[in-house]
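Order of appearance sets the numbers: ligands from 1, and atoms from 1 within every ligand. What's counted below: heavy atoms across the whole structure, side chains too, no hydrogens, waters or symmetry copies. Positions are given from 1, in the same order as the sequence printed here.
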Amino acid sequence: MTDHPDWWKRSVVYQIYPRSFADSNGDGIGDLRGIIERVDYLAALGVDVIWLSPVYPSPQDDNGYDISDYQDIEPVFGNLGDFDELLTAVHDRGMRIVMDLVVNHTSDEHSWFVDSRSGPDSPRRDWYWWRPARAGMPAGAPGAEPTNWGSFFSGPAWEFDPSSGEYYLHLFSRKQPDLNWENPDVRRAVYEMMRWWLDRGVDGFRMDVINMISKDPALPDGAVTHGVLGDGSPHFQCGPRIHEFLQEMHAQVFDGRPGHLLTVGEMPGVTVDEAVLFTDPARREVDMVFQFEHVSLDSGPAGKWDLRPLRLLDLKASLGRWQAGLAERGWNSLYWDNHDQPRAVSRFGDDGRYRIESAKLLATVLHLHRGTPYIYQGEELGMTNAPFAGPDDFRDIESVNHYRTAVAAGQDPDSVLAALRLRSRDNARTPMQWDASPGAGFSTGQPWIAVNPNHVEINAAAQTGDPESVFAHYQAVIALRHAEPAVAHGDFTMLLPDDPVIYAFTRHFEATTLLVLANFSAESAAAPVPEESEWAAAELVLGNYPAGDPTSSVLLRPWEARVYRRRR
Ligand code: NOJ
């Protein structure tokens, strides 16, 4: 574990979704002891930081993103003793742990909400967003919700509470009531909890939908563009006090602690200009944000289920804009997938004939951008989307609710299913593929969600030790970041922005320039590199085919990616 002040810029983060990673006790659900058993695998991969999706006590309505106690461990996952053991095992191997911080909302079973719900006189009533019915409408009647906002998981964002006659706000499931950050006692309680985890030894936080914590207290209706519900996001995304709240959190939680803790804010809808403000080190908010632009390019105006083909030109334009926008101030996080997104190789690559080549290409392109890369469990094996046969195969609340409401609204069930197959979050949540055994080495019991049948071919046991594997390629891109300062610190320049199949860019730092060339297609394609002669004698430092061919007007094979280096 290096204590270099810039360690988080040279680091690669690995995300674990504990429910699906490794099950040590055969109950079909991953757990902390399962992770402990696999820490050496992560050390062998070479990652620096582990981000743990939520492991706190939770009714699991949204697989742990509905927390009922911030300062304990969900019994299905283990206990605080197991957690401390994991932390030690990770630290002993020179890695760090970042916790998921879910404080836009709690579970409705959290004691804070139980208190709040007990009645309008509860001292914690104001810790959540309670409102009467819309003026002139009977409480509880359809359409009487205080605003017209839709929730992210289908249906209205308000739940009626018959005992008090009021509604509470839930941007996600009705079991995830939104905390009212206007109330200073809420903020104090959250900061105290964060300090408790840092005192225990954790190394930072990934902050769930953190740009939604400041709402416009007037709670205006949103525009209705599709269906009957309104889009409230302009009134709760990057709201009026968001920068104030994050600066206060920084001062109350992070200032004065030795070393540098890693903070990354998940921020749907964030713009480049906002991201500069959030990540400018001088403003003391967060180190980096997860932006969503590049994972929205294959969706239409009606949202994630409204499928559109992805065009490489759009992907390059988007990621290129983020690189340029955060070049002087701020810092990027880099990701293709996570527990909310389909599998990278199925979405951006080719999960058929060129699965291995395209998985390696995606690693090369992403990790060579300027920013901190994130690997989602299984991505390093080239894991793919799952072959869901029918609606009953899905487990995720978002998918289950969407199927039910879309079909009830008259949409064709087959088209709804087709969209779910491509976009459901469950694609990312099938068990980690450790080996070819029936439970994929994930569990000796019945996994909570079906194992992808392709685990007999795609698994860690088959790849570790094989120098041609996707896993070995991930080891190589991580090692390159650690060894070559231009990867972490170099300037980024996009090349060939109008080429529809080649993704090309340079990174420049001091006397070193790296050239990255990638062919996002199943046909051979020429990459007409500008100043080609300057690259004639360059060294090929990384490629995804057995032998590179550093010639003029480089001809790239299907899904080929190369990294060249030259020193002035
Ligand atoms: C974002 C998380 O990544 C997602 O999994 C979750 O459902 C929502 N926030 C609500 O916490």
Before giving the answer on salt bridge (Lys or Arg N to Asp or Glu O under 4.0 Å), spell out for Arg343 and Asp351 the whole-Å C-alpha distance, their side-chain angles and the decisive distance to 0.1 Å. CA-CA 9 Å; Arg343 287 284 174 183; Asp351 64 6; over 6 Å; no
Residue among Tyr168, Tyr167, Trp130 satisfying ring pair (Phe, Tyr, Trp, His ring centres under 6.0 Å) with Phe160: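 Filter result, single survivor: Tyr167.
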Write out each pair where an N or O from ligand 1 and one from the protein are under 3.5 Å apart, with the distance.
residue  : atom   : partner : partner atom : Å
ligand 1 : 3 (O)  : Arg206  : NH2          : 3.0
ligand 1 : 3 (O)  : His339  : NE2          : 2.8
ligand 1 : 3 (O)  : Asp340  : OD2          : 2.4
ligand 1 : 5 (O)  : His339  : NE2          : 2.9
ligand 1 : 5 (O)  : Asp340  : OD1          : 2.7
ligand 1 : 5 (O)  : Asp340  : OD2          : 3.4
ligand 1 : 5 (O)  : Arg425  : NH1          : 3.3
ligand 1 : 7 (O)  : Asp62   : OD1          : 3.4
ligand 1 : 7 (O)  : Asp62   : OD2          : 2.5
ligand 1 : 7 (O)  : Arg425  : NH1          : 3.0
ligand 1 : 9 (N)  : Asp208  : OD1          : 2.9
ligand 1 : 9 (N)  : Asp208  : OD2          : 3.1
ligand 1 : 11 (O) : His105  : NE2          : 2.9
ligand 1 : 11 (O) : Asp208  : OD2          : 2.7

For residues Phe394 and Tyr403, establish whether the separation of their ring centroids is below 6.0 Å.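 No, the ring centres sit 6.0 Å or more apart.
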With [X] via salt bridge (charged side-chain N to carboxylate O under 4.0 Å, His left out) - residues at least two apart:
X: Arg188; result: Asp185
X: Asp393; result: none
X: Arg347; result: Asp298

